[in-house]
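If you're wondering where the values come from, they're calculated on a predicted model, not measured in any experiment. Below, chain A is the first sequence line, B the second, and so on; all start at residue 1.
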2 protein chains.
Amino acid sequence: MSHHPTKGQCLSCSIRPITIFSTLDAAEVEQIQAFQPAIIHYDANDIIYHQGMEARYAYTLRQGFVKIVNTLADGRSHIVQLLRAGDFFGFGGLSGVNYKHSAIALTSLDVCRLPLADLLKLKQTHPKIEAEMTKRWLERLHRAESMLVELGTKKAAERLASFLLRWCAGNAPDTWVALPLNRAEIGELLGVTIETISRFLADWKRQGFIGESRGNIQILDAAGLRQAVAIEG
Amino acid sequence: MSHHPTKGQCLSCSIRPITIFSTLDAAEVEQIQAFQPAIIHYDANDIIYHQGMEARYAYTLRQGFVKIVNTLADGRSHIVQLLRAGDFFGFGGLSGVNYKHSAIALTSLDVCRLPLADLLKLKQTHPKIEAEMTKRWLERLHRAESMLVELGTKKAAERLASFLLRWCAGNAPDTWVALPLNRAEIGELLGVTIETISRFLADWKRQGFIGESRGNIQILDAAGLRQAVAIEG
DNA sequence: CGTGGCATTGATTATTATCAAAGGAAGTGG
DNA sequence: CCACTTCCTTTGATAATAATCAATGCCACG
């Protein structure tokens with residue numbers, strides 16, 4: 001685990017436009033600077049926080065990817081969210097003393113870490129921050145509920161296909177997109193085994209719907225992929 | 001659909017202790033009274049609001065049960081939340097103009113309805129209300145994420161058993177508990193077909209783990225039930 | 001070069017959906 | 001009060017789907 005805490009420079013922060021502090025003016029940014037935001041680096045597979053741990057910080061992901069994992073008493077686990085740059089996490093601590101999930105680095109990444117106590121103060125004194133946080137909570141609730149529908153109504157192939165399409169959404173067709181998840185992780189996200197994932201992906205690669213190369217994927221034929229899962233699934 | 005809007009009497013409201021207004025003092029309650037909370041009755045199967053509709057109100061369930069349903073473009077649908085007395089819903093409208101789900105009465109029920117515009121004002125002027133809303137969002141997010149883990153990691157029998165145990169949790173063993181869901185609805189909640197639900201329930205009734213009678217269930221042998229799903233599931 | 005961690009593939013089994021039919025229970029109208 | 005209807009549930013048979021078990025293959029890295 002490689003921590004190199006650096007004092008965050010909020011005014012010049014390159015990702016601020018997509019954070020909960022996006023709506024603040026310069027004077028207000030100075031104020032949050034007075035709190036102790038720390039920029040911390042993690043390597044892939046590092047644990048940012050662990051389920052059950054005392055919750056003390058909330059985080060903004062500056063760059064890279066994080067998985068939020070929930071583990072049952074018997075060891076089975078499930079990825080409840082995938083986070084990307086700008087996402088805000090660890091706030092579950094606001095409602096309880098312990099983290100309810102683990103946050104694990106999928107890639108080498110940087111986060112901006114803020115003590116929950118400070119965040120609570122900021123939230124109370126700056127309605128703009130409070131509003132942005134609300135927006136993100138509702139957004140995250142919506143994502144969770146959408147995933148619930150995916151798991152509840154779709155079969156494995158369709159879940160996998162819509163995951164890939166969603167992951168690559170926004171990129172032009174045929175562009176290579178980093179997919180920092182191995183088969184086991186995709187399985188933990190979609191509620192499917194490694195082998196099933198592997199079979200479908202191999203099949204779709206053979207059919208030319210998608211391409212894959214060292215942790216990157218490309219959608220070559222979205223329509224074909226969609227049709228394939230509509231028929232077989 | 002039977003609407004009988006009544007002007008809500010917040011000061012004497014019997015369920016206020018469990019609502020987002022629970023922490024207000026008498027003077028503050030007078031203020032919310034000035035807004036237009038309406039108490040509305042719905043019969044079972046009435047639609048309180050419909051997915052895609054313009055979102056104008058948030059609701060507090062005073063009594064009865066509601067299902068929050070998400071329907072896909074192809075008609076498949078999934079119950080994303082079950083609500084009981086005190087639950088607050090319809091707030092998704094705060095983040096977008098349209099409701100993202102439908103809210104449907106499972107039983108005859110009463111809600112307290114508040115215009116979203118008023119709620120937004122209350123939230124901004126009364127930090128206590130804002131704090132209670134935050135608490136409920138995080139709680140609801142947590143419930144959704146727990147359900148995600150259920151669907152992602154467990155098989156049908158185990159999902160059904162833990163649903164029943166959760167539903168009856170808090171009641172003494174052997175007490176009859178109202179379960180206002182038919183087989184189809186349990187299926188839509190757990191991502192399982194009617195027939196599968198029916199088979200497991202019939203089996204467990206024969207084995208004496210549970211009892212069922214006209215929309216009510218009782219857990220007769222929680223340990224036996226748990227063991228049954230651990231082995232067969 | 002090994003070697004360890006993933007991924008692929010095949011064979012088999014378990015689980016659950018689907019299709020089909022019959023069996024209640026509650027309510028309606030005669 | 002009974003026959004009838006309708007809706008929901010149960011049950012059985014079969015098919016589809018995905019998990020499990022078991023090798024083998026493939027890199028990437030030391």
Side-chain N or O of B/Thr196 versus OP1/OP2 of C/dT16: is the shortest distance under 4.0 Å? no
Would one find a side-chain N or O of B/Thr193 under 4.0 angstrom from OP1 or OP2 of C/dT16? no
For nucleotides 21-26 of chain D, print each protein N/O atom paired with a nucleotide N/O atom at under 3.5 Å, atom names and distance only.
unit_1 : atom_1 : unit_2   : atom_2 : d
D/dC21 : N4     : A/Glu195 : OE2    : 3.1

Gap between atoms [atom1] and [atom2], on [X] and [N] respectively (whole Å):
{"X": "A/Glu185", "N": "C/dC6", "atom1": "CD", "atom2": "P", "value": "9 Å"}
{"X": "A/Ile210", "N": "C/dA7", "atom1": "CD1", "atom2": "C1'", "value": "14 Å"}
{"X": "A/Arg76", "N": "D/dA19", "atom1": "CZ", "atom2": "C1'", "value": "14 Å"}
{"X": "B/Lys155", "N": "C/dT16", "atom1": "NZ", "atom2": "C1'", "value": "10 Å"}
{"X": "A/Asp203", "N": "C/dA7", "atom1": "CG", "atom2": "P", "value": "18 Å"}
{"X": "A/Ile217", "N": "C/dA7", "atom1": "CD1", "atom2": "C1'", "value": "16 Å"}
{"X": "B/Leu151", "N": "C/dT16", "atom1": "CG", "atom2": "P", "value": "13 Å"}
{"X": "A/Ile197", "N": "C/dC6", "atom1": "CD1", "atom2": "C1'", "value": "14 Å"}

Partner set under side-chain hydrogen bond (donor to acceptor under 3.5 Å, both in side chains) for A/Ser198, not counting sequence neighbours: none
Do [X] side-chain atoms and [Y] backbone N/O form a donor-acceptor pair below 3.5 Å?
{"X": "B/Arg62", "Y": "B/Ser14", "value": "no"}
{"X": "A/Ser95", "Y": "B/Lys135", "value": "no"}
{"X": "B/Arg159", "Y": "B/Lys154", "value": "yes"}

Is it true that the side chains of A/Glu188 and A/Ser77 contain a donor and an acceptor less than 3.5 Å apart? yes
Any protein N or O atoms within reach of nucleotides 28-30 of chain D? Criterion: under 3.5 Å, listing atom names and distances.
none

Counting the atoms with a prime plus P, OP1 and OP2 as sugar-phosphate, which does A/Gly187 contact under 4.0 Å by heavy atoms, base, sugar-phosphate, or nothing?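 Answer is nothing: A/Gly187 stays at 4.0 Å or more from every strand.
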Identify whether any heavy atom of B/Arg159 sits under 4.0 Å from a base atom; if not, whether one sits that close to sugar-phosphate; answer base, sugar-phosphate or nothing.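 No contact.
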Could you tell me whether A/Arg56 atom CZ has more than 12 heavy atoms of other residues or ligands within 6.0 Å of it? no
How far apart are the closest heavy atoms of B/Leu189 and B/Leu151, and which atoms are they?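 Between these two residues, the closest heavy atoms are O-CD2, 4.3 Å.
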Less than 4.0 angstrom from a charged side-chain N to a carboxylate O is my criterion; do A/Arg199 and A/Glu195 meet it?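 Salt bridge absent between A/Arg199 and A/Glu195.
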The side chain of B/Ala156 lies closest to which of these nucleotides: C/dT16, D/dA18, C/dA17? C/dT16
For residues 213-221 of chain B, tabulate all N or O donor-acceptor pairs below 3.5 Å that involve a side-chain atom, not counting sequence neighbours.
unit_1   : atom_1 : unit_2   : atom_2 : d
B/Gln218 : NE2    : B/Asp174 : O      : 2.9
B/Asp221 : OD1    : B/Ala223 : N      : 3.4
B/Asp221 : OD1    : B/Gly224 : N      : 2.8

Atom pairs under 3.5 Å, N or O on each side, protein against nucleotides 6-9 of chain D: can you list them with distances?
unit_1 : atom_1 : unit_2   : atom_2 : d
D/dT9  : OP1    : B/Arg183 : N      : 3.4
D/dT9  : OP2    : B/Arg183 : N      : 3.2

Using residues 65-74 of chain A as the side-chain source, report each donor-acceptor pair under 3.5 Å to any protein atom, sequence neighbours left out, with the distance given to one decimal.
unit_1  : atom_1 : unit_2   : atom_2 : d
A/Lys67 : NZ     : A/Glu185 : OE2    : 2.9
A/Asp74 : OD1    : A/Arg76  : N      : 3.1
A/Asp74 : OD1    : A/Arg76  : NE     : 3.4
A/Asp74 : OD2    : A/Arg76  : NE     : 2.8
A/Asp74 : OD2    : A/Arg76  : NH2    : 2.8

Report yes if the side chains of A/Ile15 and A/Gln63 come closer than 4.5 Å at any heavy-atom pair, otherwise no.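 No - every pair of side-chain heavy atoms lies 4.5 Å or more apart.
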In terms of the angle between their ring planes, are A/Tyr59 and A/Phe89 parallel, tilted or perpendicular, with boundaries placed at 30° and 60°? parallel
